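Computed from a predicted structure; not experimentally measured. Residue numbers begin at 1 in each chain, while the letters A, B, ... track the order of the sequences.
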Amino acid sequence: MAKIETPRPIRGTQSMLGEEQERFAHVVATFDRVRRLYGFQRVELPVFESTAVFARSLGESTDVVSKEMYTFEDRGGDSLTLRPEFTAGICRAYITEGWQQFAPLKVATHGPLFRYERPQKGRFRQFHQLDAEIIGASEPGADVELLVLADQLLKELGVSEGVTLTLNTLGDAASRDAWRAALIAHFEAHRDQLSEESLDRLSRNPLRILDSKDPRDRPVADSAPDIDAYLTDEARGFFEKVTDGLNAAGVAWERNARLVRGLDYYRHTAFEFITDRLGAQGTVVGGGRYDGLIENLGGPVTPAVGWAAGIERLAMLIDAPRADMIISVVPDNLEVEDEAQRIAAQLRASGISADVAFRGNAKKRVELAKKRKHRGVLIVRATSDQTGKLYLQHLDENQSDRDEVRTAVLLALGPGTNLSGGGPR
RNA sequence: GCGAUCGUAGCUCAGUUGGUUAGAGCGCCGGUUUGUGGUACCGGAGGUCGGGGGUUCAAGACCCCUCGAUCGCCCCA
C-alpha cells in the first residue's frame, strides 16, 4: 500500500496557535479599539481584484508588480491578482462603490496580503497588515491625524520605546520631478562609484539609491541633493504644517531626507516607523500621501493619505499578552458532573470563562488545568455540607491575581456562596 | 533571483576522530500508588536519521545532487 503523502504547507504561510496567535489577536484588537477612537470606519474588501487595479496604481516597474504578485487567470479568462497591499483596492472601491459621497472618508481595515517573496524574519508570502486611510482630504491635518493614530497605536501596544517615526516629504508633482531629475544627473555623474544594484536602480527607480544599504553607495547617496532645494513654496508649507501638527500633538519624529517610498504613487508626506529589533525588516508602519493614485485608476482627482502596519512585525515586538482568565471546574467524581456543568454555566453567564475538563479523574483534571495555564480550579464535591461543597484552588503566584480570581468567582456565583479556598502547596 | 547556515521520535535536542540492536526530556497510550487535590512510580508505542546517488569492510556522521527550513541580499509592512 502506497504511503499517503501529507501535503506540505505553502512556503511563507503560517498556521498559528497559542501565544503566537494571542500576540496576533492582541495587535488586531488594539488597532480596532484605537481606530474607533479616531472615528475610522472599518471597511471589508475583496482579497482579489482585477490585476489592473494593482498594476496601474503601484507602478509597472516596481518589484511588487513586476515579480511579486500572485496573478492567475480565472476560468473566464480574466487576469486576477491576490492583493499585495490594501491601498489600491480601497481606492478602487472608493471609485466603483460610490464612496465619493462620503469624502473626506476615514477608513480602516486589516487582513491577509500576498507577495511572492523569499520568506525571512518578519516577511511572509501571506502576511497581514493593519491599514488606515483618509480619502478625499488634501489638508495636512489629515496626515497629522493618521500619524497621531499610528503613534497612539504603538504606545498602546507598548512598543513605542524601540520605534521611531522617520519623516520626509517627496513634495508635490513639480517638486518631485525637479528633484528626481537632479538626482539622476547626480548619480549619472558618479556612475563609476555605484554598486551594480544601484546602477540597475538608476534606470528603474533612482530614488531608491538614496536609502541603499550597500556601503559603496553611501558616499554618492549621502552627497546627493536633498529635496529641500527643489520644494515649491506650497510643498514646503505643507510639510511645515504636518510637522507643526505633530509637535502640537506631542508625537516625536525625526527628519530623514533619505527616506523614499518604494511605490510610485507617493507625494508629499512619506514616513516610516522603524525599529532595529526586527533583523533586516526595520519598518513597522509605512505610508504617506498619494494624491495621484485615484486619478490613475480612472477616478476623479482625489487627494488621499494612508499607512499600513505589519501585524506579524508588531506581534514580534510586543510583550506576550496575558492569557484570558479561565476557571477550570472539576467535579470530584462522576456523581457531581452535572452539578459541575451547572456551575460552569453560571460562571459563563456572568462572563467568566469556564472549562469543564472531561478526561481523567479529578487529579488528572487539576493537572491539565495547570498545564493549560488556567487561573484557578473550582472543585465540586459530593457532599450535603454546604461549607465543603466548593473548593477554589488558585494557580496564580501572587496574591492580587488570586484575589482577582476569587472576587470574580464569588461575584458570578452570588453572595453567600460558601467557597473554601487554598493555593499551591 | 543570489548567498550563508541547518534538516535525527509528535515537540526540544544528544549522538565523541566514520565502528554492534540510534538515545534523553517533554508529550502520547497503558498500568501501579495516592485519594480534599498541580511536580510519585513502572511499562509501552513511535525514527528506512528530509529524499536520491556516491566513497568505504562499515555512513546519522564524509562527497555530490535535490527538497525544505532559518537568516541575510534584493524588495517591503
Side-chain angles (χ1 to χ4, degrees), chain A residues 3 5-6 8-12 17-18 27 58 61-68 84-87 110 112-125 127-132 150 163 195-198 200-201 204-205 208 211-214 260-263 271-275 278-288 306-317 328 330-333 357 359-374 376-383 385 387-397 420-425:
Chain A
K3 186 176 191 286
E5 285 282 329
T6 302
R8 305 325 305 170
I10 304 302
R11 162 177 275 205
L17 175 72
V27 170
L58 304 191
S61 68
T62 59
D63 278 23
V64 171
V65 172
S66 62
K67 51 190 190 194
E68 294 175 2
E85 59 129 41
F86 278 118
T87 305
H110 61 83
L113 303 168
F114 306 85
R115 299 219 283 236
Y116 191 86
E117 294 187 279
R118 194 74 171 266
Q120 60 189 67
K121 189 183 178 80
R123 200 173 75 182
F124 308 92
R125 286 189 171 177
F127 60 107
H128 303 79
Q129 286 184 351
L130 312 171
D131 187 274
V163 180
S195 65
E196 308 79 58
E197 267 160 5
S198 283
D200 186 43
R201 290 185 182 111
R204 267 183 22 252
N205 194 353
R208 276 273 143 198
D211 58 359
S212 168
K213 285 185 205 164
D214 193 319
V260 293
R261 305 261 65 221
L263 308 176
F271 54 86
E272 290 182 356
F273 288 77
I274 57 169
T275 180
L278 285 179
Q281 267 60 48
T283 305
V284 184
V285 182
W307 56 249
I311 297 178
E312 288 89 349
R313 293 184 185 180
L314 288 170
M316 285 188 276
L317 289 176
S328 205
V330 173
D332 198 22
N333 55 41
R359 171 168 303 174
N361 57 25
K363 177 174 180 156
K364 279 269 196 290
R365 297 187 197 196
V366 172
E367 285 173 12
L368 203 60
K370 164 70 175 174
K371 206 182 305 174
R372 296 276 187 268
K373 296 219 160 38
H374 292 174
V377 179
L378 190 59
I379 290 156
V380 183
R381 294 175 189 146
T383 168
D385 173 14
T387 347
K389 189 178 145 199
L390 293 176
Y391 180 91
L392 178 64
Q393 183 185 9
H394 290 286
L395 298 176
D396 286 309
E397 293 295 323
S420 55
R425 282 191 298 200

In 5'-to-3' order, the base (B), backbone-only (S) or no-contact (-) status of each nucleotide in nucleotides 71-77 of chain B, using a 4.0 angstrom heavy-atom cut-off, is SBBBBBB

Expressed in whole Å, how much space separates the P atoms belonging to rG1(B) and rG15(B)?
35 Å

How close or far is atom C1' of rU36(B) from atom NZ of Lys389(A), stated in whole angstroms?
16 Å

Rounded distance in Å between the P positions of rC63(B) and rC73(B):
28 Å

Roughly how many Å apart are rU48(B) and rA24(B), using the C1' atom of each and rounding to a whole number?
22 Å

Expressed as a whole number of angstroms, how long is the span from Asp200(A):CG to rG1(B):C1'?
12 Å

For rG60(B) and rU16(B), measure between their P atoms and round to the nearest Å.
12 Å

Residues at least two apart in sequence or cross-chain that pass side chain to side chain contact (heavy atoms under 4.5 Å, CB included) with Phe124(A), listed by chain then number, are Gln14(A), Phe127(A), Glu312(A)

Among all residues two or more places apart in sequence or in another chain, which pass the side chain to side chain contact (heavy atoms under 4.5 Å, CB included) test with Leu368(A)?
Lys371(A), Arg372(A)

How long is the line joining CG of Leu368(A) and P of rU39(B), in whole Å?
13 Å

Test of understanding: with salt bridge (Lys or Arg N to Asp or Glu O under 4.0 Å), list the residues that count as partners of Arg313(A), not counting sequence neighbours.
none

Please report the distance, rounded to the nearest Å, between CG in Leu395(A) and P in rG37(B).
13 Å

Would you find a donor on one side and an acceptor on the other, under 3.5 Å apart, between the side chain of Ser195(A) and the backbone of Ser198(A)?
yes

Strand RNA chain B in bracket notation, Watson-Crick/G-U under 3.5 Å with | for pairs to another chain
(((((((..((((.....[...)))).(((((.......))))).....(((((..]....))))))))))))....

Apply side chain to side chain contact (heavy atoms under 4.5 Å, CB included) to Glu117(A) and list each qualifying residue two or more places apart in sequence or on a separate chain.
Glu68(A), Arg115(A), Arg123(A)

Atom CZ of Arg125(A) and atom C1' of rG68(B) are separated, to the nearest Å, by 12 Å

Write down the distance separating the P atoms in rG27(B) and rG52(B), rounded off to the nearest Å.
33 Å

Spacing of Arg365(A) atom CZ relative to rG37(B) atom C1', expressed in whole Å:
13 Å

Could you go through Val377(A) and His374(A), starting from their C-alpha distance and side-chain angles, then the distance that decides it, and tell me whether this counts as side-chain contact (heavy atoms from CB on, under 4.5 Å)?
CA-CA 8 Å; Val377(A) 179; His374(A) 292 174; 6.0 Å; no

In whole Å, what separates the P atom of rG25(B) from that of rU33(B)?
24 Å

Criterion side-chain contact (heavy atoms from CB on, under 4.5 Å) on Thr275(A) and Leu317(A), from CA distance to verdict
CA-CA 9 Å; Thr275(A) 180; Leu317(A) 289 176; 4.2 Å; yes

Distance check needed: rC26(B) C1' versus Arg372(A) CZ, whole Å only.
14 Å

Which whole number of Å gives the distance between the P atom of rG7(B) and that of rG50(B)?
8 Å

Sorted by chain and residue number, the side chain to side chain contact (heavy atoms under 4.5 Å, CB included) partners of Ala315(A) (sequence neighbours excluded) come out as Arg23(A), Val27(A)

Quantified in whole Å, what is the P atom distance between nucleotide rA77(B) and nucleotide rC2(B)?
25 Å

Assign Asp332(A) to base, sugar-phosphate, or nothing according to its heavy-atom contacts below 4.0 angstrom with the strands shown.
base

For Lys121(A), check salt bridge (Lys or Arg N to Asp or Glu O under 4.0 Å) against everything at least two apart and list the hits.
none

In whole angstrom, give the distance that lies between atom NZ of Lys371(A) and atom P of rC26(B).
11 Å

By ring-ring contact (aromatic ring centres under 6.0 Å, His included), which residues pair with His128(A), not counting sequence neighbours?
Phe24(A)

